[in-house]
Amino acid sequence: MTRHLLKLVWNRRRHHLLVGLEILASFLIVFVVAVLAVKTAGNAARPAGFISDDVTVVEVGLRKRGGGPAGDAGADRERMRRALETLRRLEGVEAAAAAFLVPYGTGRAVNSYTVSGRTLEYDYSEVTDDYLAVTRLKLAAGRWFSREDDGRPYRPVVVTRELAREAFGAEDPVGKDIPEGGVEPGTVRRRSRVVGVLEAYRPGSDYAAPAPFALFRADLASPADDVPSRIVLRLRPGTPRAFEETLVRTLEAAVPEWSFTAEPLAVAREAANRRWTVPILAASLVAAFLMLLVALGLTGVLWQNVTRRTREIGLRRATGATARQVAVQVVMEVWIVTALAVLAGCAVALQAPLLVPGGFVRASDAAAGAAAASLVLFALTGLCALYPAWLATRVFPSEALRYE
């Protein structure tokens, strides 16, 4: 039976070539969406590395009365220390820290430098010691910043597993130096020493892939360090959002030179997740619309194919073929063409890890995406063939006599 079907497909190869190309294009579209879905689902299952619940971010705004984040560095350090001390004494605040960049924000800071002939690029932020208590980060190795880092000849830094692997390979990163660079490779300013490795830290969104990241210590008592422009707070569980007004009024009274705005980190988290998922949903809708067009076109082509093959189908019925066997023939012919198109599509799709730069698509992602796209295409073409197959079962042997 299979040999007979292959021969039928080969005899109508010109007709099936166009159908196969349509299925191939559909496969590639579904493959792209499937890979994005697989990566998004896989990243969503990974730990973020920190706890965003009950965390509020306070943005330091423009200067009010001379001086501010862009003013005199010494005065700014004193203002930030005053703001943090005020917040720590406030009822309802469990911990407070300063940071340049906070999770789920739109800003980004990047260091880039050359090591062993290759360029290493990583995102970073600068935080004070209490950032651990606010975000409840977990360490996989080493330690967090502390007073023992005061006066050291190096700047302490805590890195993610991804950065440790990129910079040091299989070696233990704790105690090794990592350069701080500018955007351009080779513009190294100074070196910092790794004192700890984080279990995880994904500040982009819940769906962002783990990436190299470094947290440098920001010492408000050190003239060599810049002054962070944000404050992160851990509030007591159940604290209402109305407490934000109290925060802002208290800060403006303690530091009248600055302005402040407060927002829960959970709100920024939702916004970051939307920025990530909206393009994927848009791509999925476009792919679904294209699949609908393909399904309608394929159904029409198969319908016309059955109509043109009335004599052939009638003769098969006359020689003893049952209605079920005729229907299976129509569906199997479509699935053979689909299988050939899917094989060609897989040959292209499995090259994605090599063709897409930056390691965005791993071999496992490509394999999962190809498998999902294959299942979707076989299901789609099978559904498209159901109605033409039913029409074929309605052809009786007497119908073939019309052409004699």
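- For the pair Ser26/Ile29, no side-chain contact is recorded, criterion being any heavy-atom separation below 4.5 Å from C-beta on.
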Show your working on salt bridge (Lys or Arg N to Asp or Glu O under 4.0 Å) between Glu199 and Lys138 and close with a plain yes or no. CA-CA 6 Å; Glu199 284 191 0; Lys138 294 183 179 180; 5.5 Å; no
List the steps, then state whether salt bridge (Lys or Arg N to Asp or Glu O under 4.0 Å) holds for Arg143 with Asp149. CA-CA 11 Å; Arg143 61 176 178 82; Asp149 295 313; 2.6 Å; yes
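- Taking the charged nitrogens against the carboxylate oxygens, Asp130 and Arg88 do have a contact shorter than 4.0 Å, which makes a salt bridge.
- Under the 6.0 Å cut-off for aromatic ring centres, Tyr131 and Phe50 do not qualify, their centroids lying 6.0 Å or more apart.
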Does the pair Arg155 and Glu126 meet the rule for a salt bridge (Lys or Arg N to Asp or Glu O under 4.0 Å), with working shown? CA-CA 11 Å; Arg155 189 180 190 192; Glu126 300 177 18; 2.9 Å; yes
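- The nearest pair of heavy atoms linking Glu94 to Pro237 is OE2-CD, 3.6 Å.
- Atom CG of Leu215 sits about 6.5 Å away from atom CG of Leu137, to the nearest 0.5 Å.
- Comment: Arg236 does not engage Asp54 in a salt bridge, judged by the lack of any side-chain N to carboxylate O separation of less than 4.0 angstrom.
- More than 12 heavy atoms of other residues, nucleotides or ligands sit less than 6.0 Å from atom CH2 of Trp144.
- Of all heavy-atom pairs spanning Val127 and Ala99, the tightest one is CG1-CB, 3.7 Å.
- Residues Arg81 and Glu78 are paired through a salt bridge, judged by an N-O separation under 4.0 Å between the basic side chain and the carboxylate.
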Apply salt bridge (Lys or Arg N to Asp or Glu O under 4.0 Å) to residues Glu244 and Arg241 and explain how you reach the verdict. CA-CA 6 Å; Glu244 295 173 11; Arg241 285 205 63 177; 3.0 Å; yes
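- Listed here is the closest heavy atom pair of Ile231 and Leu84: CG2-CD2, 3.9 Å.
- A salt bridge does not link Arg147 to Asp219: none of the charged side-chain nitrogens sits closer than 4.0 Å to a carboxylate oxygen.
- Taking a cutoff of 4.0 Å between a charged side-chain nitrogen and a carboxylate oxygen, Arg77 and Asp226 do not qualify as a salt bridge.
- Enclosure of atom CD in Glu148 by more than 12 non-hydrogen atoms of other residues, nucleotides or ligands within 6.0 angstrom is indicated.
- The closest donor-acceptor contact from the side chain of Trp276 to the backbone of Asp206 lies at 3.5 Å or more, if one exists at all.
- For Pro203 against Phe213, the heavy-atom pair with the smallest separation is CG-CE1, 3.7 Å.
- When only modelled atom types and interatomic distance are considered, Tyr122 and Asn111 share a side-chain donor-acceptor pair under 3.5 Å.
- Considering only heavy atoms from C-beta on, Cys346 stays 4.5 Å or farther from Phe31 through its side chain.
- Residues Val55 and Leu233 form no side-chain contact, since every pair of their non-hydrogen atoms from C-beta on lies 4.5 Å or further apart.
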